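Given the structure is predicted, the values throughout are model-derived calculations rather than measurements. Every chain is numbered from 1 and lettered A, B, ... according to where its sequence line falls, protein lines coming before strand lines.
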2 protein chains.
Amino acid sequence: MSDTFALDEFDRKILRALQENADYSMAELGEAVGLSHTPCWRRIKRLEKEGIIQGRVTLLNPESLSLGVSVHAYITMTKHDEASLTAFEDAVQEMPEVVECYSTSGEKDYLLKVVVGSVDHYETVLKTRLVHLPNVASVNSTFALKQVKFTTQLPI
Amino acid sequence: MSDTFALDEFDRKILRALQENADYSMAELGEAVGLSHTPCWRRIKRLEKEGIIQGRVTLLNPESLSLGVSVHAYITMTKHDEASLTAFEDAVQEMPEVVECYSTSGEKDYLLKVVVGSVDHYETVLKTRLVHLPNVASVNSTFALKQVKFTTQLPI
DNA sequence: GTTGAAAGGGTTGCTGT
DNA sequence: ACAGCAACCCTTTCAAC
């Protein structure tokens with residue numbers, strides 16, 4: 001594959017640490033992985049240029065923002081030509097409540113993860129927005145009773 | 001709710017910017033939201049202390065690490081007493097390939113999002129790990145054909 | 001790879017509004 | 001409350017080796 005790169009154990013240690021916490025200083029990071037700060041910094045710059053590091057983001061606490069309700073919505077489409085699917089996918093990008101979207105194998109066409117503040121709030125989003133997305137035939141919703149695990153750390 | 005706090009428009013602008021990119025300097029951030037860097041920095045510290053800001057993480061590109069295959073696994077449990085569920089949930093935390101886990105309403109008990117490198121890799125994870133998690137009766141897997149959207153930004 | 005030094009930005013306190 | 005300023009210190013960044 002043209003988009004894979006050879007990573008040594010230093011790179012992996014750096015990536016594992018940075019996935020967990022982007023706030024490590026070069027000195028801390030170097031000490032943790034067994035390098036001095038300069039090669040550590042050079043490796044990070046290389047990993048950024050290669051596109052392996054996508055960026056640093058701040059994670060917020062959903063509960064404290066009254067966004068503690070996650071819903072998985074399963075979408076069946078009326079049409080399956082490329083233009084119809086693209087119209088749906090573009091519209092999904094514009095909905096901030098939809099934080100994840102996958103086209104799926106199996107009976108349903110898409111799986112959406114939607115973040116809202118309450119069941120009532122979801123009902124509004126569902127009836128005023130989701131069912132009106134382009135070419136949607138039906139929406140089947142499953143509420144998350146509990147978020148058991150959520151991590152942005154990839155298993156490297 | 002004791003864990004919700006009053007946020008003004010400055011706080012929201014700061015949070016929106018930091019969710020998108022944690023690398024903004026105080027000067028940039030202040031300019032973007034209409035504050036000077038000192039009050040901007042103080043607000044961030046307050047938001048961290050209140051737990052609204054959970055932390056900063058580095059996001060990696062799954063494809064470049066050969067982790068481009070996402071699978072949603074639906075779990076049915078053999079037992080539903082609290083101890084059995086807790087045993088399962090604890091075991092899930094220890095599986096780095098499982099990046100999300102929700103207990104769900106509906107027929108299935110849990111929904112897992114699993115990140116792997118290939119379909120073959122998933123088969124191994126499924127047969128050697130997932131089906132042997134505590135109190136699992138059955139696992140039903142759906143492959144993501146395409147990741148249409150993924151964001152860590154909450155809709156604030 | 002290392003050491004070390006310059007430049008930049010984060011952090012704090014103070015004054016004034 | 002915020003702006004502005006000054007100072008310190010840590011971190012990033014880039015030499016030179």
Check nucleotides 5-11 of chain D against the protein and report each pair of N or O atoms closer than 3.5 Å, with its distance, or say if there are none.
| unit_1 | atom_1 | unit_2 | atom_2 | d |
| --- | --- | --- | --- | --- |
| D/dC5 | N4 | B/Thr38 | OG1 | 3.4 |

State yes or no: are the ring centers of A/Phe143 and A/Tyr122 separated by less than 6.0 Å?
yes
Which atom of A/Gly51 lies closest to which atom of B/Ser64, heavy atoms considered:
O-OG, 4.2 Å
For the residue pair B/Tyr74 and A/Tyr74, categorise the inter-ring angle as parallel (less than 30°), tilted (30 to 60°) or perpendicular (more than 60°).
tilted
For D/dC9 and C/dT15, measure between their C1' atoms and round to the nearest Å.
22 Å
Carboxylate-amine/guanidinium proximity below 4.0 Å for A/Arg16 and A/Glu20:
no
When the C1' atoms of C/dG16 and D/dC8 are considered, how many whole Å apart are they?
22 Å
Sugar-phosphate only, base, or nothing, as touched by A/Pro39 at under 4.0 Å among non-hydrogen atoms:
base
Would you mind reading off the distance between A/Leu35 atom CG and C/dT3 atom P, rounded to a whole angstrom?
11 Å
I need the CH2-P distance between A/Trp41 and D/dA15, as an integer number of Å.
9 Å
Nearest to the side chain of B/Arg43, heavy atoms from C-beta on, is which of D/dG4, D/dA1, C/dG1?
D/dA1
Is any side-chain N of the basic residue among B/Lys13 and B/Asp8 closer than 4.0 Å to the acidic one's carboxylate O?
no
Tell me the interatomic distance from B/Glu31, atom CD, to D/dG4, atom C1', rounded to whole angstroms.
16 Å
What is the distance, rounded to the nearest whole Å, between atom NZ of A/Lys49 and atom P of D/dT13?
13 Å
Whole-Å distance separating the NZ atom of B/Lys13 from the P atom of D/dC2:
14 Å
Check this for me: does the side-chain of A/Arg42 come within 3.5 Å of the base of D/dT12 through a donor and an acceptor?
no
Within this structure, what is the CD-to-P distance between A/Glu48 and D/dT12, rounded to whole angstrom?
11 Å
Pairing donors with acceptors under 3.5 angstrom, does anything connect the side chains of A/Thr104 and A/Tyr110?
no
Which pair of heavy atoms, one from B/Ser70 and one from B/Lys113, lies closest together, and at what distance?
OG-CE, 3.9 Å
Return the value, rounded to whole Å, for the distance between atom CD of A/Glu9 and atom P of C/dG1.
14 Å
Could you state the NZ-P distance from A/Lys45 to D/dA15, rounded to the nearest angstrom?
14 Å
